[in-house]
Amino acid sequence: MQYMALIYSTEDADDVDFDTLIQQYTEFGEKAAAAGVIADDGNALEPVSTATTVRLRNGKAEITDGPFAETKEQLGGYYIFDCETLDEALHWAAQIPSARYGSIEVRPVMQFD
Amino acid sequence: MTDRDWQTDLAHLYRAKSGRILAYLVAQCGDIQRAEDALHDAFTKATTQWSGDSIPDVPEAWLITTAKRKLVDVWRQQQRHHSLQQQFAVDSLDSAVSDEALQEIPDERLKLIFTCCHPALNRPAQVALTLKTLCGLSPREIARAYLSSETAIQQRLVRAKQKIRTTGIAYEVPSGDDLPARLNSVLAVIYLIYNESHTAFEGQTLSRADLANEALRLANLVNQLLPDPEASGLLALLTLHQARQAARQSPKGAYIPLAEQDRKRWNQTQIAEGRTRLINTLRRGKPGPYQLEAAISAVHCEADSWNTTDWEQIVRLYRRLYKLVPSPVVKLNELVAAAQIAPIHDIRQQVAELETALQDYQPYYAARADLAARAGQFEQAKQDYRVAIKLSSNFVEKAYLDSKLTALA
């Protein structure tokens, strides 16, 4: 079986400084990899202020600023797209079947350099 | 030339030319903030280097060359991060633009307006960004027009630019299936800017008139760069609205509704211009909401008086509009027009059914009050005027509603 661990927290609520946190994530990653449980490397996301939500209604993509806000909707899965622009990512997100009745929140994966 | 004239000239130059130069610079460097910084730098240099009355014949060429040099400087400082391809792009940028070559610089403002009005940004951010980048308004001017603080507008602009950068919003004119929805967003922003100009607040008359002009300028710009029936419909609509602008306010600044306007004060040249545009657009056979709203406006403009208006035609147009935009506001407008020709009792009943949907909408209660008064239900009318006054956040509007209420007492 594969399991997805979803990371929820209040932004800026880290209990240690940023470098320590990165170090702790690296250590966790190494430990889990050594144990053979890592199926995907995982990612950090850009803050919620970068979120855009797309819904397909009456065959038309409705794009709005911000995260999805419907508390009745639950996270049901995810894709990671490799796209040049947000527009391209939204174009694909709108074609996810659940976009017809649910919401797809699109956020950039954080890039560390 | 006095120093003051010179400053005014430069400010006019900025308002007139900065949008096009900025759009071009963003296309070159891919970032609005960087392009703005470079353009700001060029204008600062211009104030010291163009002494007295020696503004160059083609100031754009000078400004573009100077701004591009600034971009190149910034890039060279960060060169170690650049790929070979990027370095090549930088080298090709580092050249002066001659007056002749300026003709060949592409007009990138359409890309810029699509980015600024991107639906991934919220509406207030879209409006502020469009006014700042394409119209060259300063955060202070935008704040004054929207009764907001300069800091709030600045923060809004910073956040919007951050979102564009971080999420990678494309700097391009959308194509294919995406175009109609994206264009709608652009047209909605322009219409919103125009409508804000209507909402005359106390002491705001001057900056509000500016907003109307900017909206017309943007609508013209979109039409020039993207032939589309709805974009043309919006321009026709704004032109017809603008034609009645002078009649909408008394010399003391009080609001005058359409029914009481002195139609001699309507600008016939603008009416003719708007009508011709609308007729040519409707001939293309793709009617949309803006074209229909323009058609409604044109019917009003054709009438000698409120009473001789072709109400049947207006009701028909609102019904067609409702098929495209089934909103309670459109329905209300249809009913208000229908009240001119249909039994008022039936209309009032239908208007009452809209209350849940429009309970926060000031014009709903103002319209309902007017209908009640015409039906002789004065107590109901007074009650509705009071609700309308409570919902209005606008001094001029409140004063008008107050006068209606007082007339009933």
Side-chain angles (χ1 to χ4, degrees), chain A residues 7 10-12 18 22 43-70 73 78-97 99-113, chain B residues 26-27 30-32 78 80-83 85 111-129 155-186 188-189 288-289 323-326:
Chain A
I7 306 165
T10 313
E11 279 173 11
D12 302 324
F18 185 70
I22 293 291
N43 278 297
L45 296 179
E46 290 285 355
V48 72
S49 63
T50 65
T52 304
T53 300
V54 55
R55 297 175 180 87
L56 196 74
R57 296 294 182 267
N58 303 316
K60 285 183 192 155
E62 292 174 0
I63 296 163
T64 47
D65 176 37
F68 88 101
E70 179 59 66
E73 290 175 349
Y78 80 113
Y79 279 97
I80 294 194
F81 297 132
D82 202 351
C83 296
E84 288 289 316
T85 62
L86 175 69
D87 303 77
E88 201 187 333
L90 293 173
H91 184 77
W92 284 104
Q95 295 176 60
I96 296 174
R100 291 194 307 265
Y101 46 86
S103 310
I104 314 294
E105 180 180 328
V106 178
R107 267 203 264 170
V109 168
M110 208 177 267
Q111 288 175 335
F112 299 96
D113 40 28
Chain B
V26 180
D31 186 70
I32 295 178
Q78 304 165 340
R80 58 200 167 88
H81 296 302
H82 288 157
S83 66
Q85 197 188 0
K111 288 182 187 169
L112 186 57
I113 200 168
F114 272 109
T115 299
C116 292
C117 300
H118 198 288
L121 304 172
N122 60 53
R123 211 19 63 86
Q126 295 170 348
V127 168
L129 207 52
Q155 276 174 352
R156 193 174 293 169
L157 290 165
V158 167
R159 277 196 210 113
K161 282 181 271 190
Q162 257 166 8
K163 183 161 188 193
I164 292 172
R165 191 183 315 120
T166 320
T167 61
I169 287 177
Y171 193 64
E172 64 188 18
V173 176
S175 58
D177 293 352
D178 294 338
L179 183 63
R182 294 285 308 280
L183 181 63
N184 261 345
S185 182
V186 169
V189 167
K323 279 187 189 149
L324 299 177
V325 188

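In what follows, chains are A, B, ... by sequence order, proteins preceding strands, each numbered from 1.
- With A/Asp65 as the partner, the side chain to side chain donor-acceptor pair (under 3.5 Å) test is satisfied by one option alone out of B/Arg123, B/His118, B/Gln126, B/Lys163: B/Lys163.
- With a 4.5 angstrom heavy-atom cutoff, A/Thr50 touches chain B via backbone and side-chain atoms both.
- Looking at A/Ala89, there are no atoms closer than 4.5 Å to chain B (heavy atoms on both sides), in backbone or side chain.
- Of the candidates B/Thr167, B/Asp178, B/Ile169, A/Asp87 forms a side-chain contact (heavy atoms from CB on, under 4.5 Å) with just one, namely B/Ile169.
- Here OG1 of B/Thr166 is found 9.5 Å from CE of A/Met110. Values are rounded to the nearest 0.5 Å.
- More than 12 heavy atoms of other shown residues, nucleotides or ligands fall within 6.0 angstrom of atom CG in A/Asn43.
- Of all heavy-atom pairs between A/Ile63 and B/Ala120, the closest is CG2-N, 3.9 Å.
- Only the side chain of B/Arg182 has a heavy atom closer than 4.5 Å to any heavy atom of chain A.
- Once rounded to the nearest 0.5 Å, the distance linking CG of B/Asn122 with OG1 of A/Thr64 reads 10.5 Å.
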